[in-house]
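A short worksheet on the structure shown next.
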Amino acid sequence: MPAFDVDAFRRLLPGGVSFAGHQGALATTPPLIGDEALAAARFSEARRREFAVGRQVARQALAGLGRAGEQSIGVGRGRQPLWPDGVVGSLTHTGDVAAAAVADVRALRGIGIDIERDQELAAGVAEAVLRPDEPRVDPVVQFSAKESLYKLWWPIARQWLDFGEVAVDVGADGALRYRIDRAVPPEFRRLRAAWLRSGDFVATAAWIETD
Ligand SMILES: CC(C)(COP(=O)(O)OP(=O)(O)OC[C@H]1O[C@@H](n2cnc3c(N)ncnc32)[C@H](O)[C@@H]1OP(=O)(O)O)[C@@H](O)C(=O)NCCC(=O)NCCS
């Protein structure tokens, strides 16, 4: 299976981001710390492993920011990771690939990242994810772009955002542009996003720089 270029994803992200990625099967499930074990208590083994790998790359990314690498990263009521004070971030996992991106709030107001397998969306998914008036430019990239946007959106807006409220324009230059058809928090005027296709995967990121 063609590999995902973790470094290319890192280069997509703005300055001030600390990024960590993992690719490949692990012989053992990484350890969970504190509240993380409680959050994962009823997970299946596969879900526990993906959750634990996400936490592992998240700790590596935090260490890159100079934040203690051995702390618990809890789970918020929207399922979002609970980052240490003064940190924003996002994580994603798909099969054997996982990545995390974190930044100091003085650099970024927020970030969302997503990796998806580069394959045709399952029957019915494109219809659920793309608006009828949204050109089918690159459905898997458009889907991933919406997932990244949601991971950025939720921790700031604390409101559900529906696939039908957003349209994505996939630029050949690697940029993504969103049209969000609802009232948005003011900082979303500074929304930026990018995408790449690598190996068997596509990756997207959406972020807002601190004013
Ligand atoms: C939450 C969601 C975006 C996760 O995306 P995914 O492609 O299924 O899975 P990924 O592996 O890429 O990401 C999962 C990680 O996202 C993070 N996440 C989950 N909910 C989150 C939220 N509300 N806010 C920020 N991050 C969140 C978590 O870290 C999660 O991993 P973990 O549970 O192991 O900690 C997706 O499942 C979902 O619910 N989408 C519906 C909402 C949406 O996308 N609306 C469209 C807006 S245009």
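When a ligand or atom number is given, it counts from 1 through the structure's own listing order.
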Polar pairs, ligand 1 vs protein, N/O only, below 3.5 Å.
unit_1   : atom_1 : unit_2 : atom_2 : d
ligand 1 : 7 (O)  : Asp114 : OD1    : 3.2
ligand 1 : 7 (O)  : Glu116 : OE2    : 3.0
ligand 1 : 7 (O)  : Glu147 : OE2    : 3.4
ligand 1 : 11 (O) : His93  : N      : 3.0
ligand 1 : 11 (O) : His93  : O      : 2.9
ligand 1 : 11 (O) : His93  : ND1    : 2.9
ligand 1 : 12 (O) : Thr92  : OG1    : 2.7
ligand 1 : 12 (O) : Asp114 : OD1    : 2.8
ligand 1 : 12 (O) : Lys151 : NZ     : 2.8
ligand 1 : 13 (O) : Lys151 : NZ     : 2.9
ligand 1 : 20 (N) : Gly78  : O      : 3.3
ligand 1 : 23 (N) : Gly78  : O      : 2.8
ligand 1 : 31 (O) : His93  : NE2    : 3.2
ligand 1 : 33 (O) : Arg47  : NH2    : 2.7
ligand 1 : 33 (O) : Arg79  : NH2    : 3.4
ligand 1 : 34 (O) : Arg47  : NH1    : 3.1
ligand 1 : 34 (O) : His93  : NE2    : 2.7
ligand 1 : 35 (O) : Arg55  : NH1    : 2.6
ligand 1 : 40 (N) : Glu147 : OE1    : 3.2
ligand 1 : 44 (O) : Glu147 : OE1    : 2.6
ligand 1 : 45 (N) : Leu161 : O      : 3.0

Around Asp85, counting heavy atoms of other residues, nucleotides and ligands shown, do more than 12 lie under 6.0 Å from its CG?
-> no

Counting only heavy atoms not in Arg182, do more than 12 fall under 6.0 Å of its CZ?
-> yes

Report the C-alpha separation of Thr210 and Arg106 in whole Å, then their side-chain angles, then the decisive distance to 0.1 Å, and conclude whether the side-chain contact (heavy atoms from CB on, under 4.5 Å) test is met.
-> CA-CA 6 Å; Thr210 298; Arg106 288 169 295 188; 5.7 Å; no

So with a 6.0 Å cut-off around CD of Glu45, is the heavy-atom count from everything else above 12?
-> yes

If you measure only the distance, is there a donor-acceptor pair under 3.5 Å linking the side chains of Thr204 and Asp114?
-> no

How far does CD of Glu187 sit from CG of Asp211, to the nearest 0.5 angstrom?
-> 9.5 Å

